[in-house]
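A quick write-up on the structure given underneath.
Below, each value reflects all heavy atoms present in this structure, side chains not excepted, and no hydrogens, waters or symmetry copies. Within every chain, numbering begins at 1; the chains are lettered A, B, ... in the order of the sequence lines, protein sequences first and strands thereafter. Keep in mind the model is a prediction, meaning the values are calculated, not measured.
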Number of protein chains: 2
Amino acid sequence: MIAQATNSSEGLAQKLSDSGLRATPQRELVYRSLLQQRDHPTAEEVFARVKTEMPTISLATVYNCLETLVQCRLIRQVNHERSSTRYCPNLRPHAHFHDEQTGEIHDVDLPAPFLDQLKSMLPTNFHASAVEITFLGKSEKNS
Amino acid sequence: MIAQATNSSEGLAQKLSDSGLRATPQRELVYRSLLQQRDHPTAEEVFARVKTEMPTISLATVYNCLETLVQCRLIRQVNHERSSTRYCPNLRPHAHFHDEQTGEIHDVDLPAPFLDQLKSMLPTNFHASAVEITFLGKSEKNS
DNA sequence: TCCAAGTTTAGAACAATTCCAATTCGCATC
DNA sequence: GATGCGAATTGGAATTGTTCTAAACTTGGA
């Protein structure tokens with residue numbers, strides 16, 4: 001766990017500087033916040049969370065940091081219909097399950113061969129660089 | 001062509017009245033416009049198209065009509081990231097291919113067994129009512 | 001013919017996000 | 001350490017796409 005957190009920070013600084021960007025306290029905090037509570041928060045939710053630790057941070061900065069992290073491929077955006085963009089630090093290939101009752105989003109791992117199969121279904125003149133899969137439905141709480 | 005248009009209109013009137021709604025000239029026009037040019041237009045684009053035929057129609061009405069048609073399951077919404085919602089009269093199960101260069105959206109038919117296979121990949125406590133699949137990439141113009 | 005409910009309309013309001021211009025920060029160099 | 005410069009942050013204004021509102025209009029049925 002500690003090792004992982006350390007790796008995360010190093011990974012952050014590394015990936016940022018790869019893009020010629022700085023590892024600022026704000027960027028580190030926003031990133032740590034996402035890793036800590038992996039529940040696909042909106043920018044406003046991230047803002048509320050990080051403000052407890054850094055009360056002077058602004059919403060604009062949270063938007064900036066999130067965009068930067070997305071561009072460095074440290075996190076991903078998750079959109080559904082036209083509601084607020086949510087953010088996800090899970091970089092493995094996975095789908096999202098939207099619980100229509102609770103509004104919660106759950107990650108669903110998908111086997112890589114399956115994704116290849118999916119891409120192979122495209123007509124030959126289409127070349128997909130990415131596939132997004134979203135399930136809608138309800139999930140039972142289980143013990 | 002004429003027969004098809006007639007069927008469409010009848011289908012429209014029928015499905016609307018099933019929901020206790022009226023087949024107004026505005027709703028018919030918006031629906032016909034979508035069937036005529038099946039290129040996933042935004043509400044603004046639909047507005048521009050129908051205005052040539054009914055100059056007094058308002059943007060709010062176009063939004064209302066589109067929402068009504070979605071609720072009656074005569075058309076579907078297509079969202080991508082946070083850009084404007086687009087509308088699609090194709091009711092068959094299909095995926096969408098977003099061409100990242102042109103911004104165009106293409107329908108991609110998917111075999112039904114495949115969609116079942118996809119749903120069966122979910123953990124047992126998830127029950128999906130729908131799946132959305134979106135490809136991102138580029139498509140070659142072919143002769 | 002008249003009424004009530006459904007529908008349309010223009011414009012105001014709204015929410016999420018981006019833009020802007022003015023500080024502030026942090027590293028490199030002296 | 002001081003200094004300078006580009007990068008980053010900030011608060012507030014602006015923008016975008018959409019929804020809301022209240023008034024006027026339309027329609028089918030008593």
Side-chain angles (χ1 to χ4, degrees), chain A residues 9 12-33 40-51 53-72 74-87 103 105, chain B residues 12-31 33 40-51 53-72 74-87 103 105:
Chain A
S9 289
L12 174 71
Q14 187 56 58
K15 286 219 180 179
L16 284 169
S17 79
D18 285 353
S19 307
L21 303 170
R22 294 177 187 161
T24 66
Q26 287 88 344
R27 285 171 180 167
E28 282 170 0
L29 178 55
V30 165
Y31 185 52
R32 256 192 295 118
S33 156
H40 306 90
T42 63
E44 290 275 3
E45 284 165 350
V46 173
F47 181 46
R49 289 173 193 179
V50 298
K51 224 175 7 180
E53 207 163 324
M54 185 187 280
T56 57
I57 200 171
S58 74
L59 178 58
T61 298
V62 171
Y63 272 105
N64 289 342
C65 291
L66 290 168
E67 198 201 334
T68 300
L69 294 173
V70 168
Q71 280 169 354
C72 296
L74 284 154
I75 64 172
R76 305 222 298 238
Q77 291 188 319
V78 184
N79 289 284
H80 182 55
E81 314 240 303
R82 286 197 43 90
S83 62
S84 308
T85 298
R86 294 172 175 277
Y87 297 87
I105 299 172
Chain B
L12 175 69
Q14 188 56 59
K15 286 221 183 181
L16 285 169
S17 77
D18 286 352
S19 308
L21 302 169
R22 293 176 188 162
T24 66
Q26 288 88 344
R27 285 171 180 165
E28 282 170 359
L29 178 55
V30 166
Y31 185 52
S33 156
H40 306 89
T42 63
E44 291 275 4
E45 284 164 351
V46 173
F47 180 47
R49 289 172 192 180
V50 298
K51 224 172 11 176
E53 206 163 325
M54 185 186 281
T56 58
I57 198 169
S58 74
L59 178 58
T61 299
V62 171
Y63 272 106
N64 290 342
C65 291
L66 290 168
E67 198 202 331
T68 301
L69 295 172
V70 168
Q71 279 169 355
C72 296
L74 284 154
I75 65 173
R76 304 222 300 236
Q77 290 187 321
V78 184
N79 288 286
H80 183 56
E81 313 238 303
R82 286 197 44 89
S83 63
S84 309
T85 298
R86 294 173 174 276
Y87 297 86
I105 298 173

Just the rounded figure in Å: distance from [atom2] of [N] to [atom1] of [X].
X      : N       : atom1 : atom2 : answer
L16(A) : dG26(C) : CG    : P     : 15 Å
Y63(B) : dG11(C) : OH    : C1'   : 15 Å
L21(A) : dG26(C) : CG    : C1'   : 14 Å
E81(A) : dA15(C) : CD    : P     : 19 Å
F47(B) : dT8(C)  : CZ    : P     : 14 Å

(message) What range of DNA chain D does chain B touch, first nucleotide to last, counting atoms under 4.0 Å from its heavy atoms?
(response)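 For DNA chain D, the relevant span reads dG17(D) to dT27(D).
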(message) Quick check for you: among dG26(C), dA5(C), dT17(C), whose closest atom lies nearest to any side-chain atom of P25(A)?
(response)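 When the side chain of P25(A) is considered, dG26(C) is the closest of dG26(C), dA5(C), dT17(C).
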(message) Let's see if you can work this out: which of dA5(C), dT9(C), dC25(C) has an atom nearest to the side-chain heavy atoms of R22(B)?
(response)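 For R22(B), the side-chain atoms sit closest to dA5(C).
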Report yes if some heavy atom in the side chain of [X] is under 4.5 Å from a heavy atom in the side chain of [Y]; otherwise report no.
X      : Y      : result
Q71(B) : S19(B) : no
K51(A) : I57(A) : yes
P41(B) : R49(B) : yes
R76(A) : Y87(A) : no
E28(A) : Y31(A) : no
M54(A) : P25(A) : yes
L21(A) : T68(A) : yes

Which part of the nucleic acid, if any, lies within contact of [X], taking any heavy atom under 4.0 Å across all strands shown: a base, the sugar-phosphate backbone alone, or nothing?
X      : answer
T85(B) : sugar-phosphate
S84(B) : sugar-phosphate
T56(A) : sugar-phosphate
Q26(B) : sugar-phosphate
T61(A) : base
S83(A) : nothing

(request) With DNA chain C as reference, determine whether R82(B) or M54(B) sits nearer its 5' end, using the nearest nucleotide of each. (result)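 First, find each residue's nearest nucleotide; the 5'-ward one identifies M54(B).
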(request) With DNA chain C as reference, determine whether N64(B) or G20(B) sits nearer its 5' end, using the nearest nucleotide of each. (result)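 Nearer the 5' end of the strand: G20(B).
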(message) Need to verify one output field. Residue with the more 5' nearest nucleotide on DNA chain D, L59(B) or T24(A)?
(response)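 Of the two residues, T24(A) wins.
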